[in-house]
Each structure stands twice: as structure tokens, then as C-alpha cells.
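Side-chain atoms are counted along with the backbone in the values below, which use heavy atoms only and exclude waters and symmetry mates. Numbers here simply count residues along the sequence, with the first being 1.
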Amino acid sequence: METAGRVTRRRVRTRARLLDAAFAVFAAKGYGRVSIEEVCEAAGFSRGAFYSNFATLDELFFALYQERADLIAAQVADALAQDGPDLDVPASVDRVTEVLLLDVDWLLVKTDFLVHAARNPAVAQALLDHRARLRRAIADRLSRARGHTALPAVLGDADGAAHAVVAAYDGVTTQLLLDRDVEAARAWLGQLLTALLTDGSRTPAA
């Protein structure tokens with residue numbers, strides 16, 4: 001007989017393969033145009049394996065988004081934590097833009113989730129919670145830098161600055177979905193964030 005630990009490990013691997021396969025299929029075809037069978041085929045599993053991990057395709061999509069979004073929020077927090085009390089804005093911006101701009105496939109999946117959430121209040125709350133965590137990670141870091149690194153007065157407090165950072169990211173990634181130029185988007189986001197978080201006299205590192 002298989003031990004409980006072995007069964008658990010196998011189930012974790014199965015779930016991870018389903019999530020990876022779903023990411024690729026959702027990015028290629030779009031949410032709403034994908035069937036459970038297509039996800040199972042891409043992962044190399046039966047419908048039974050799917051239903052042992054997820055009740056519906058909606059549940060899988062939600063889990064996929066939550067997993068990737070939580071990872072990004074943690075990466076942003078880690079990127080911002082690398083300086084001491086002083087905040088080296090251009091260096092921090094460089095690190096954050098490397099984390100935030102993952103790839104076009106993620107942005108396609110994220111946009112599908114946004115549209116899905118706009119029509120589903122329960123899903124919308126999950127998206128709002130993630131965005132709040134992301135802003136909180138940024139605001140906490142900016143708050144710790146106060147007294148060492150000044151923020152432009154027009155942004156108000158650290159929470160206002162965090163909202164501005166996320167809004168700049170949203171705008172740049174919308175353009176990225178259209179022109180597919182990741183390097184240009186990363187450079188433009190760096191310029192925007194540096195301009196937002198400084199008095200404009202500093203420019204991002206080349």
C-alpha cells in the first residue's frame with residue numbers, strides 16, 4: 001500500500017502539473033475558451049485526476065491566479081527589502097520592474113482574470129485582496145524609508161505613493177499587451193516609477 005505521505009506528494013505534483021498546463025492553455029486560448037479536457041490533455045492526466053484536485057474549471061483558474069499573484073507580491077516585497085533605511089529609488093525600481101514584468105503570457109492570464117472578476121463579486125474580492133497586499137508591501141517599504149528618503153509631496157503619504165506605483169504598472173502593462181515589447185515596457189515603467197518617487201532630478205540606472 002502507498003503511504004499517506006507518498007499519496008500526498010503525488011497529489012501535490014499532480015496539482016502543480018495541472019496548474020502549469022492550465023497556465024499555458026489559458027494564455028494561448030483565453031479563459032472561457034478552454035475545456036477541462038484540454039487542460040487534462042496538456043497535463044497528461046485523466047478527468048479523474050482533475051476532479052481529485054479541483055471541483056470546476058473556475059476553481060482551477062482561481063487557484064492559478066492566486067498562486068502566481070501571491071508569488072509576485074512576495075517577490076516585490078523581497079526586492080524592496082534589500083536596501084537599508086535609505087531607499088535607493090533607481091536601484092529599487094530596477095529590481096521591482098524585473099519582478100513585475102514577468103511575461104506576456106502572465107499578463108494575458110491576469111487580464112482574463114480581471115474580466116472574469118468584473119462579472120463575479122466573489123472573484124473580484126480575491127483580486128482586490130491581492131492588489132491590497134501588493135500596495136501594502138510597497139507602502140510598508142516606503143514608510144520605513146521616511147525620514148531617510150523623501151517622497152514628492154504631491155503623492156501624500158506612503159499609501160498614496162503605493163497606489164501610484166500600481167497604477168503606473170497597470171498602464172504600462174496594458175501597452176505591453178498590445179505591442180509585446182517587454183524591454184521597452186520595462187524601461188518605460190522604470191522611468192515612470194523613478195519620476196513618481198523622486199523630485200524628477202534623478203534618472204534610472206542605464
Side-chain angles (χ1 to χ4, degrees), residues 19-20 23 26-27 64-114 117 124-206:
L19 288 170
D20 287 344
F23 179 84
F26 285 138
L64 172 65
Y65 179 84
Q66 196 75 26
E67 178 188 74
R68 302 291 174 115
D70 287 348
L71 174 62
I72 290 171
Q75 288 175 328
V76 168
D78 289 345
L80 290 172
Q82 292 182 29
D83 294 323
D86 293 310
L87 183 65
D88 183 339
V89 171
S92 293
V93 164
D94 285 346
R95 291 195 299 269
V96 169
T97 55
E98 288 292 333
V99 170
L100 282 175
L101 287 173
L102 294 177
D103 56 39
V104 172
D105 283 349
W106 161 245
L107 297 176
L108 287 168
V109 171
K110 185 169 79 81
T111 301
D112 270 351
F113 193 82
L114 174 61
Q125 189 57 55
L127 182 58
L128 289 169
D129 288 346
H130 162 65
R131 290 173 70 82
R133 287 196 303 277
L134 187 59
R135 288 196 301 268
R136 191 159 52 246
I138 296 168
D140 287 349
R141 180 63 188 93
L142 296 176
S143 294
R144 290 197 303 274
R146 303 226 31 191
H148 301 274
T149 304
L151 293 174
V154 70
L155 294 177
D157 57 11
D159 286 336
H163 273 81
V165 167
V166 175
Y169 170 63
D170 287 341
V172 169
T173 53
T174 298
Q175 182 65 32
L176 173 59
L177 282 174
L178 299 176
D179 63 27
R180 304 298 182 99
D181 191 337
V182 175
E183 292 307 314
R186 183 178 291 116
W188 180 228
L189 182 60
Q191 292 169 7
L192 279 177
L193 295 184
T194 301
L196 278 171
L197 299 176
T198 69
D199 59 9
S201 63
R202 303 171 73 187
T203 56

Side-chain contact test, heavy atoms from C-beta onward, threshold under 4.5 Å: evaluate it for [X] versus [Y] and give yes or no.
{"X": "Tyr65", "Y": "Phe23", "result": "no"}
{"X": "Asp129", "Y": "Gln125", "result": "yes"}
{"X": "Arg68", "Y": "Leu19", "result": "no"}

Which heavy-atom pair separates [X] from [Y] by the least distance, and what is that distance?
{"X": "Val172", "Y": "Ala185", "value": "CG1-O, 3.4 Å"}
{"X": "Ala139", "Y": "Asp159", "value": "CB-OD1, 3.3 Å"}
{"X": "Leu196", "Y": "Ala164", "value": "CD1-O, 3.7 Å"}
{"X": "Gly190", "Y": "Thr97", "value": "N-CG2, 3.9 Å"}
{"X": "Leu108", "Y": "Ala27", "value": "CD1-O, 3.6 Å"}

Q) Where do Val104 and Val182 land on the side chain to side chain contact (heavy atoms under 4.5 Å, CB included) test, with the steps shown first? A) CA-CA 8 Å; Val104 172; Val182 175; 4.3 Å; yes
Rounded to the nearest 0.5 Å, what's the gap from [atom1] on [X] to [atom2] on [Y]? Could you check?
{"X": "Leu177", "Y": "Thr111", "atom1": "CG", "atom2": "OG1", "result": "4.5 Å"}
{"X": "Leu189", "Y": "Glu98", "atom1": "CG", "atom2": "CD", "result": "10.5 Å"}
{"X": "Thr174", "Y": "Leu178", "atom1": "OG1", "atom2": "CG", "result": "7.5 Å"}
{"X": "Phe26", "Y": "Asp112", "atom1": "CZ", "atom2": "CG", "result": "8.5 Å"}
{"X": "Asp20", "Y": "Glu67", "atom1": "CG", "atom2": "CD", "result": "7.0 Å"}

Q. Is Arg180 salt-bridged to Asp105, cutoff N-O under 4.0 Å?
A. no
Q.
What I want to find out is whether Arg186 reaches Glu183 closely enough, with some N-O distance under 4.0 Å, to be called a salt bridge.
A. yes
Q: Apply side chain to side chain contact (heavy atoms under 4.5 Å, CB included) to the pair Asp70 and Gln66, showing each step before the final yes or no.
A: CA-CA 6 Å; Asp70 287 348; Gln66 196 75 26; 3.7 Å; yes
Q.
Run the side chain to side chain contact (heavy atoms under 4.5 Å, CB included) test on Asp170 and Val166 for me, step by step, so that the C-alpha distance in whole Å, both residues' side-chain angles and the decisive distance to 0.1 Å come before the verdict.
A. CA-CA 6 Å; Asp170 287 341; Val166 175; 4.1 Å; yes
